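Have a look at the structure below before the remarks.
Remember, it's a predicted structure, so these values are computed and weren't measured experimentally. Residue indices begin at 1 and follow the sequence shown.
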Amino acid sequence: MLLTVTDAALEAVMASPALIERTFPGVHQEVMMLIHLLRVSSPSLVDVFAWGLIGILTPASQKPGAAIALAYRQVVLSAIARNKDGVRVVSPHDRPAEVTRLDVVDLAADGRSCLGAAG
């Protein structure tokens, strides 16, 4: 699965095990595992869910959108779901087979947001 990150600080943290460990002490291995599992899944979120390790959080709003939150233990990755053509997938929790790309907007662990920690 393709993970894209537009926030430079968030991208730097996600790309560096040392920064992940410094940003999320105590849960850094869980953060790295979530990122790894998403990167090696192919071609869609269906593969991620087949392993049974990553869960999808129920959207708080009933309003359709492309936002998605994926959880592994204490770690939550928030993203915008897109298909192979880069088009937003509305209600991705209902259509995981269409999601082949995630535009990551935040990564939180143990109650701490990466954006708040990195920015």
Can you tell me how far the [atom1] atom of [X] sits from the [atom2] atom of [Y], to the nearest 0.5 Å?
| X | Y | atom1 | atom2 | answer |
| --- | --- | --- | --- | --- |
| Gln29 | Arg73 | CD | CZ | 9.5 Å |
| Leu107 | Thr23 | CG | OG1 | 9.0 Å |
| Ser78 | Leu70 | OG | CG | 8.5 Å |

Residues sharing Ile80's hydrophobic cluster, by side-chain heavy-atom contacts under 4.5 Å among ILVMFWY, directly or via others?
Val105
In the hydrophobic clustering that connects Ile, Leu, Val, Met, Phe, Trp and Tyr at side-chain heavy-atom distances below 4.5 Å, which members other than Val87 occupy its cluster, ordered by chain and number?
none
Can you give the donor-acceptor pairs under 3.5 Å from side chains of residues 88-102 to other protein atoms, not counting sequence neighbours?
unit_1: Arg95; atom_1: NE; unit_2: Glu98; atom_2: OE1; d: 3.3
unit_1: Arg95; atom_1: NE; unit_2: Glu98; atom_2: OE2; d: 3.0
unit_1: Arg95; atom_1: NH1; unit_2: Val90; atom_2: O; d: 2.8
unit_1: Arg95; atom_1: NH2; unit_2: Glu98; atom_2: OE1; d: 2.6
unit_1: Thr100; atom_1: OG1; unit_2: Lys84; atom_2: N; d: 3.0
unit_1: Arg101; atom_1: NE; unit_2: Asp103; atom_2: OD1; d: 3.0
unit_1: Arg101; atom_1: NH2; unit_2: Asp103; atom_2: OD1; d: 3.3
unit_1: Arg101; atom_1: NH2; unit_2: Asp103; atom_2: OD2; d: 3.3

Same cluster or not: Tyr72 versus Val76, using hydrophobic residues (I, L, V, M, F, W, Y) connected whenever any side-chain heavy atoms lie under 4.5 Å apart?
no
Write down the atom of Asp85, the atom of Asn83, and the distance for their closest heavy-atom approach.
N-OD1, 2.8 Å
Other residues, nucleotides and ligands only: do more than 12 of their heavy atoms fall within 6.0 Å of CE on Met33?
no
Please list, one pair per line, the donor and acceptor atoms closer than 3.5 Å that link side chains of residues 39-58 to other protein atoms, with sequence neighbours excluded.
unit_1: Ser41; atom_1: OG; unit_2: Leu38; atom_2: O; d: 2.9
unit_1: Ser44; atom_1: OG; unit_2: Val46; atom_2: N; d: 3.3

What side-chain donor-acceptor pairs closer than 3.5 Å can you find for residues 10-21, not counting sequence neighbours?
unit_1: Ser16; atom_1: OG; unit_2: Ala18; atom_2: N; d: 3.4
unit_1: Ser16; atom_1: OG; unit_2: Leu19; atom_2: N; d: 3.1

